[in-house]
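Presented below is the structure to which this report refers.
This chain uses plain numbering: 1 for the first residue, then up along the sequence.
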Amino acid sequence: MGAWAIVVNILFPIPLVFLMILCMPLPTFIRKWASSFMDKFLFVKIGSISIYQIATGLSILLFLLSCYETSNSFAKESEKFSFALTDKTVCMRWRNERNFWISFMSLVLWLILYRVHWMSKMLTTLQAERKSN
C-alpha cells in the first residue's frame with residue numbers, strides 16, 4: 001500500500017468518523033462512551049508515544065512531502081520541451097496538487113480531532129463538577 005493509499009484509507013477516515021461521533025448531539029452516556037473509547041484507542045501510550053501522535057506525525061510528514069512535490073511540479077512545468085511532455089507535467093502537477101489537498105485535510109482533521117476531544121472531556125468534567133455542587 002502506497003503512502004497516498006494509507007492517507008486515503010486510514011489517516012483520513014479515522015478522524016472523520018471520530019469527529020462525526022463527537023459532534024453529533026448524542027445523550028451524555030453515549031458521549032462518555034465515545035470519549036472513553038477514543039482514550040483507549042487513539043490516546044493510549046505505546047511506550048512513550050500514542051497512536052494519535054504517530055498518525056499526526058505521519059500526516060505532517062506526508063503534508064511536507066506533498067508541499068515539496070507540488071513546488072517541484074511547478075518548476076518542471078516551466079521547462080517546456082514538447083506537447084507530450086507538457087501534457088505529462090500538467091497531469092503530474094494536478095496529481096501533486098490533489099495529494100497536497102488530501103494530505104492537508106488529513107492533517108487538519110487530526111488536529112481538530114485532538115481539540116474537539118479535549119473540549120469534550122473538559123465539558124464532561126465541568127458538568128460532573130456542576131452536578132456535584
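In this structure a side-chain-to-backbone donor-acceptor pair under 3.5 Å is missing from Q127 to T124. Under a 3.5 Å cut-off, the side chain of S120 and the backbone N or O of V116 do not form any donor-acceptor pair. Although no hydrogens or angles enter the test, the distance criterion places a donor-acceptor pair under 3.5 Å between the side chain of S73 and the main chain of T70. Here the side chain of R31 pairs a donor or acceptor atom with the backbone of M24 at under 3.5 angstrom. Side-chain N or O atoms of S106 include none that pairs as donor or acceptor with a backbone N or O of I102 at under 3.5 Å.
Scanning for ring pair (Phe, Tyr, Trp, His ring centres under 6.0 Å) contacts around W94 gives an empty result, with sequence neighbours left out. Residues passing the side-chain contact (heavy atoms from CB on, under 4.5 Å) test with M105 are F12, sequence neighbours excluded.
Of the inter-residue distances, the one linking C67 atom SG with L62 atom CG reads 11.0 Å to the nearest 0.5 angstrom. Here the OG1 atom belonging to T56 is positioned 7.5 Å from the CG atom belonging to L107, to the nearest 0.5 angstrom. Atoms CE and OG1, on M122 and T125 in that order, are 6.0 Å from each other to the nearest 0.5 Å.
A heavy-atom distance below 4.5 Å is not found between the side chains of E69 and E97. Contact annotation: the side chain of I30 approaches that of P27 to within less than 4.5 Å [non-hydrogen atoms, C-beta and beyond]. No side-chain heavy atom of L113 sits under 4.5 Å from any side-chain heavy atom of L16.
Two rings, from Y114 and W118, have their centers 6.0 Å or more apart. Outside the 6.0 Å centre-distance limit, the rings of F18 and H117 are not counted as a close aromatic pair.
Following chains of ILVMFWY side-chain contacts shorter than 4.5 Å, one cannot reach M119 starting from M38, and the two form parts of different hydrophobic clusters. In this structure, V108 is a member of the same hydrophobic cluster as L58, with clusters built from ILVMFWY side-chain heavy atoms closer than 4.5 Å. The cluster map of Ile, Leu, Val, Met, Phe, Trp and Tyr, joined by side-chain heavy atoms under 4.5 Å apart, puts L42 and V44 in different clusters. Linking Ile, Leu, Val, Met, Phe, Trp and Tyr residues whenever their side-chain heavy atoms come within less than 4.5 Å leaves M92 and V90 in two separate clusters. Both L109 and F37 sit in one connected hydrophobic cluster of ILVMFWY residues. Membership requires side-chain heavy atoms under 4.5 Å apart, directly or through other members.
Smallest separation of non-hydrogen atoms from S35 and K121: OG-CG, 3.6 Å. Residues W110 and I14 come closest through the heavy atom pair CH2-CG2, 3.8 Å. Minimum heavy-atom separation, P13 to V8: CD-O, 3.3 Å. Annotation for A34 and I21: closest pair CB-CG2, 3.6 Å, computed over non-hydrogen atoms.
Summarising the local packing, OH of Y68 is surrounded by 12 or fewer heavy atoms from other residues, nucleotides or ligands at distances under 6.0 Å.
Ring geometry, W101 versus F104: the interplanar angle exceeds 60°, so the pair is classed perpendicular (tilted spans 30 to 60°).
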Applying side-chain contact (heavy atoms from CB on, under 4.5 Å) to R93 and N96, what does each step give before you reach the verdict? CA-CA 5 Å; R93 179 177 59 96; N96 290 334; 5.7 Å; no
